[in-house]
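Taking it in order: structure first as structure tokens, then the write-up.
Scope of the values below: all heavy atoms of this structure, side chains included, with no hydrogens, waters or symmetry mates. Bear in mind the structure is a predicted one, so any value in this text is a computation, not a measurement. Counting starts at 1 for both ligands and their atoms, following the listed order.
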Amino acid sequence: MSKNEEKIVAFIGPPGAGKGTQASQLKSKKGYSVIIAGDILRAEAEKKTDFGIKLNNTMSSGKLVSDDIVIEIIGKAIDRNGGSSSVTIIDGFPRTIAQAQGLDEILSEKGMGLNKVFYFEVSDKTAVERNSNRRYCPLCKKVYNLRTDKPAKDGICGVCGARLVIREDDKPEVIMDRLKVYQEQTAPLLDYYRERGILTKVNGEKGKSELMKDLEYELND
Ligand code: AMP
């Protein structure tokens, strides 16, 4: 796959909008490459190095990790990915204007550009409900929802058998802070990309398969 044929798309939206779920589904169904910012940062945080401990503290509080760190980590992930499929989805990055500028630089050095940005729109009510019902497998990273996608055996991952956990940042007191951080630091990106003509809004209130169809349609044009 040559650089010019490879599409780079970003998923933006509040926590709980369904970005990660859709990215994983598109990876399994269509074979797209997926770079999930939160998963890469969580893997670093789990290493329990000084750096990992600091990352973990920031992430558990619902605040954003600093732009420099995230731009470097995602830049490396894009290098590793290196045109391995027709579409690469970057989920959860950029989350600030500085990160958007950082991404532009990373891509332009490779002679590439961001093709599309999908904005997953959901109400605060849905976002809070989805985050509070989320359970996460710390081992294989599969995500469950206690209302819409329950594990067959209570509290146990159906894929690898590990005990499911509640992410620190899905605890009720942190969810509201994450929504605030989204409004203040990430929402300004919508105008940034709208002005560039690459923003596509999708309805994050829709069910998993319906939303997936909308994304497939938009990605195939
Ligand atoms: P997520 O899994 O996308 O909800 O991200 C979980 C946490 O990881 C966020 O609340 C932030 O602390 C951190 N994080 C993920 N992506 C970014 C980013 N692009 N910039 C800064 N922090 C991030």
Looking at Tyr144, does the NZ or CZ of Lys142 lie under 6.0 angstrom from its six-membered ring centre and within 45 degrees of the ring axis? yes
Protein N/O near ligand 1 N/O, under 3.5 Å, which pairs?
residue: ligand 1; atom: 2 (O); partner: Arg42; partner atom: NH1; Å: 3.0
residue: ligand 1; atom: 2 (O); partner: Arg42; partner atom: NH2; Å: 3.0
residue: ligand 1; atom: 2 (O); partner: Arg167; partner atom: NH1; Å: 3.4
residue: ligand 1; atom: 2 (O); partner: Arg167; partner atom: NH2; Å: 3.3
residue: ligand 1; atom: 3 (O); partner: Arg95; partner atom: NH1; Å: 3.1
residue: ligand 1; atom: 3 (O); partner: Arg95; partner atom: NH2; Å: 3.1
residue: ligand 1; atom: 4 (O); partner: Arg167; partner atom: NH2; Å: 3.1
residue: ligand 1; atom: 4 (O); partner: Arg178; partner atom: NH2; Å: 3.2
residue: ligand 1; atom: 12 (O); partner: Lys63; partner atom: O; Å: 2.6
residue: ligand 1; atom: 16 (N); partner: Gly92; partner atom: O; Å: 3.4
residue: ligand 1; atom: 16 (N); partner: Arg95; partner atom: NH1; Å: 2.8
residue: ligand 1; atom: 19 (N); partner: Gly92; partner atom: O; Å: 2.9
residue: ligand 1; atom: 19 (N); partner: Gln99; partner atom: OE1; Å: 2.9
residue: ligand 1; atom: 20 (N); partner: Gln99; partner atom: NE2; Å: 2.8
residue: ligand 1; atom: 22 (N); partner: Val65; partner atom: N; Å: 3.0

Quick check: do Leu26 and Val34 have side-chain heavy atoms less than 4.5 Å from each other?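 No, their side chains stay 4.5 Å or more apart.
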Report the residue from Lys201, Lys206, Lys19 that forms a salt bridge (charged side-chain N to carboxylate O under 4.0 Å, His left out) with Glu121. Lys201
Considering only NZ, NE, NH1 and NH2 on the basic side and carboxylate oxygens on the acidic side, decide whether Asp191 and Arg194 come within less than 4.0 Å.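 Yes, Asp191 and Arg194 are salt-bridged.
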Under the side chain to side chain donor-acceptor pair (under 3.5 Å) test, which residues partner Asp170, sequence neighbours left out? Arg134, Arg178
Tell me, yes or no, whether the heavy-atom count around Asp154 atom CG, taken from other residues, nucleotides or ligands under 6.0 Å, exceeds 12. no
